[in-house]
2 protein chains.
Amino acid sequence: MQRRNTIQRQLVLSAVRRLACHASAEQIYEEVLKEHPNISKTTVYMNLELLAEMGEINRVETATGPALFDHITKKHYHIRCKVCSRYFDMDMDVIEGLEKKINDRQGFDIEGYDIIFSGICPACKAAMNKKSPKPHKP
Amino acid sequence: MQRRNTIQRQLVLSAVRRLACHASAEQIYEEVLKEHPNISKTTVYMNLELLAEMGEINRVETATGPALFDHITKKHYHIRCKVCSRYFDMDMDVIEGLEKKINDRQGFDIEGYDIIFSGICPACKAAMNKKSPKPHKP
DNA sequence: TTCCTTATTTGTAATTATTACTAATAAGGA
DNA sequence: TCCTTATTAGTAATAATTACAAATAAGGAA
């Protein structure tokens, strides 16, 4: 299936790069709207999907809340704050040779993996220490 | 907050154990219905949440589709099939000392992590090799 | 350049999964 | 037995995404 270079796809890609964070489809949609006021939300979803598949952007696997998209395509891990539910990049080297630890004898074709840490972010920790738990909300 | 031992909570727990698989709240609800025909879906959701928090069951972090619940509470990893979207247990030893690899200087309190592999399951692979892609659907 | 195929877009409706809310119920201690 | 309040049931609302169909437009062919 040939791929066409549409203005919408370009705008979605540059919005993800401009936001330079873990952005949801909704946020990216809002961002693109500024330049292209009648883009459809469906188009944004569709292009995020395609761009991730093409390797132009990175989809962050989120267990709760909306899927997040990331301009950094270099492999890295994430941590989710249990209090505010935000996702952060993890400061950690990529584990080399993880696939060698797999004993699988069932015959899976393994293509990749993600590691998601969970914990409490510095901001929420500080808020909790003040004994007035006011976690930072997204 | 004191915890009460309700029949509904017992039934949800035993349903998760009986199903002995990665079951969704919906599936667990259906299972409990057989014994307790007027349990509310809200109750099932609420108890799955509580039981996971209590460590009686395990919540599998899923990026797509419904949350899944697992009777196995021993730490283990999962793999998601990109074709049929099902989750499987990964045959692999738990990585020791993963937290030592973390360089974090921002001050996260890290409580745990999950690894989710992605790939193609044996059933889908076989279906694709027959040149008639009929992936097993959940 | 014009035409043609079909990938893509739009906009709306539907769906899926979960949570919010409230009144009724019942667990378990006093 | 009574009382407090955790829990339940049932319904409505929400959030995130997908399905669908008709209109549009990218880019290769003529």
Side-chain angles (χ1 to χ4, degrees), chain A residues 1-16 22-33 35-54 56-57 59-69 80 82 84-87 137-138, chain B residues 1-16 22-54 56-57 59-69 80 82-87 137-138:
Chain A
M1 193 214 290
Q2 86 159 335
R3 197 141 285 165
R4 290 175 185 175
N5 184 24
T6 66
I7 184 75
Q8 289 90 345
R9 186 163 308 151
Q10 290 165 28
L11 289 171
V12 169
L13 176 56
S14 62
V16 172
H22 303 135
S24 66
E26 183 67 35
Q27 289 176 304
I28 294 157
Y29 169 66
E30 301 288 348
E31 182 67 19
V32 176
L33 268 188
E35 301 171 286
H36 193 91
N38 63 335
I39 195 169
S40 162
K41 202 175 281 188
T42 307
T43 302
V44 173
Y45 272 96
M46 205 252 211
N47 278 309
L48 288 170
E49 190 71 37
L50 267 175
L51 289 164
E53 200 179 284
M54 290 160 69
E56 296 286 331
I57 63 175
R59 170 200 283 274
V60 184
E61 303 281 324
T62 61
T64 56
L68 300 177
F69 297 88
R80 187 176 95 92
K82 293 175 86 167
C84 65
S85 297
R86 288 184 297 170
Y87 281 80
K137 278 286 168 190
Chain B
M1 192 213 288
Q2 85 159 338
R3 197 140 287 165
R4 290 176 185 175
N5 185 24
T6 65
I7 183 75
Q8 289 88 344
R9 186 162 308 152
Q10 290 165 28
L11 289 172
V12 169
L13 177 56
S14 63
V16 171
H22 303 134
S24 65
E26 182 68 35
Q27 289 176 304
I28 293 157
Y29 169 67
E30 302 288 347
E31 183 67 19
V32 177
L33 269 189
K34 294 176 187 170
E35 300 171 288
H36 194 90
N38 64 333
I39 195 170
S40 161
K41 202 175 280 188
T42 307
T43 302
V44 173
Y45 271 94
M46 205 252 209
N47 278 308
L48 287 170
E49 192 72 37
L50 268 175
L51 289 165
E53 199 179 285
M54 290 159 71
E56 296 287 333
I57 62 174
R59 169 200 284 274
V60 183
E61 303 281 323
T62 61
T64 56
L68 299 179
F69 298 88
R80 185 176 96 92
K82 294 175 86 168
V83 180
C84 65
S85 297
R86 288 184 298 170
Y87 282 79
K137 279 285 168 190

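We name chains A, B, ... by the order of the sequence lines, and we start the count at 1 in each one.
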- request: Quickly work out the B:L48 CG to C:dA17 P distance and round it to whole Å.
  value: 14 Å

task: Starting from the C-alpha separation in whole Å, work towards a yes-or-no answer on side chain to side chain contact (heavy atoms under 4.5 Å, CB included) for A:I28 and A:F69.
output: CA-CA 9 Å; A:I28 294 157; A:F69 297 88; 3.9 Å; yes

Residue mapping more 5' on DNA chain C - nearest nucleotide basis, B:L68 or A:L50: A:L50

task: Round to a whole Å and report the spacing from CD of A:E53 to P of C:dT8.
output: 11 Å

- prompt: Should A:R86 and A:R80 count as side-chain neighbours, where that means a heavy-atom distance under 4.5 Å?
  reply: no

DNA chain C contacts among residues 3-12 of chain A, heavy-atom distance under 4.0 Å: A:R3, A:R4, A:T6, A:Q8, A:R9

field: Derivation and outcome, side chain to side chain contact (heavy atoms under 4.5 Å, CB included), residues B:L50 and B:R3
entry: CA-CA 10 Å; B:L50 268 175; B:R3 197 140 287 165; 3.2 Å; yes

query: For the side chain of B:E35 and the backbone of B:V32, is there at least one donor-acceptor N/O pair under 3.5 Å apart?
result: no

- prompt: Atom CZ of B:F69 and atom P of C:dA17: how far apart are they, to the nearest Å?
  reply: 13 Å

field: Selection residues 5-16 of chain A - residue pairs positive for salt bridge (Lys or Arg N to Asp or Glu O under 4.0 Å), sequence neighbours left out
entry: none

- request: Would you give a per-nucleotide map of nucleotides 11-16 of chain C, 5' to 3', where B means the base has a protein non-hydrogen atom under 4.0 Å away, S means only the sugar-phosphate does, and - means neither?
  value: BB----

message: For DNA chain C, report each stem as range with range, ordered by first number, or say none. Use Watson-Crick or G-U wobble pairs under 3.5 Å, at least 3 in a row.
response: C:1-30 with D:1-30

- prompt: Considering residues at least two apart in sequence or located in another chain, which fulfil the side chain to side chain contact (heavy atoms under 4.5 Å, CB included) criterion with B:E61?
  reply: A:A63, B:R59, B:D114, B:I116

Reported OG1-to-CG distance for the pair A:T6 and A:N47, which is rounded to 0.5 angstrom: 5.5 Å

message: Under the rule for salt bridge (Lys or Arg N to Asp or Glu O under 4.0 Å), what residues qualify as partners of B:R4, not counting sequence neighbours?
response: none

- prompt: For B:E56, what residues pass the side chain to side chain contact (heavy atoms under 4.5 Å, CB included) criterion, not counting sequence neighbours?
  reply: B:L13, B:R17, B:L51, B:M54

B:Q2 side-chain proximity, nearest of C:dT19, C:dT9, C:dG28: C:dG28

- request: Give B:E26 one of three labels, base, sugar-phosphate or nothing, depending on what nucleic acid heavy atoms sit under 4.0 Å from its own.
  value: nothing

message: Rounding to an integer number of Å, can you tell me how far A:M54 CE sits from C:dA7 P?
response: 15 Å

query: Rounded to whole angstroms, how far apart are CE on A:M46 and P on C:dT10?
result: 11 Å

message: Would you say B:Q10 and B:N5 are linked by a side-chain donor-acceptor pair, where the criterion is simply a distance under 3.5 Å?
response: yes

message: Under 4.0 Å from a heavy atom of chain B: give me the 5'-most and 3'-most nucleotides of DNA chain D that qualify.
response: D:dT4 to D:dT11

message: Please check this pair: side chain of B:H22 against backbone of B:Y87, looking for a donor-acceptor N/O pair closer than 3.5 Å.
response: yes

message: Does A:V16 form a side chain to side chain contact (heavy atoms under 4.5 Å, CB included) with A:L48? I'd like the steps, not just the answer.
response: CA-CA 9 Å; A:V16 172; A:L48 288 170; 3.9 Å; yes

task: Round to the nearest Å and state the distance from A:H36 atom NE2 to C:dT9 atom C1'.
output: 9 Å

Show every donor-acceptor pair shorter than 3.5 Å between a side-chain atom in residues 37-45 of chain B and any protein atom, with sequence neighbours excluded, or say none if there are none.
residue, atom, partner, partner atom, Å
B:S40, OG, B:T42, N, 3.2
B:K41, NZ, B:E26, OE1, 2.7

statement: salt bridge (Lys or Arg N to Asp or Glu O under 4.0 Å) filter on B:E30, not counting sequence neighbours, yields none

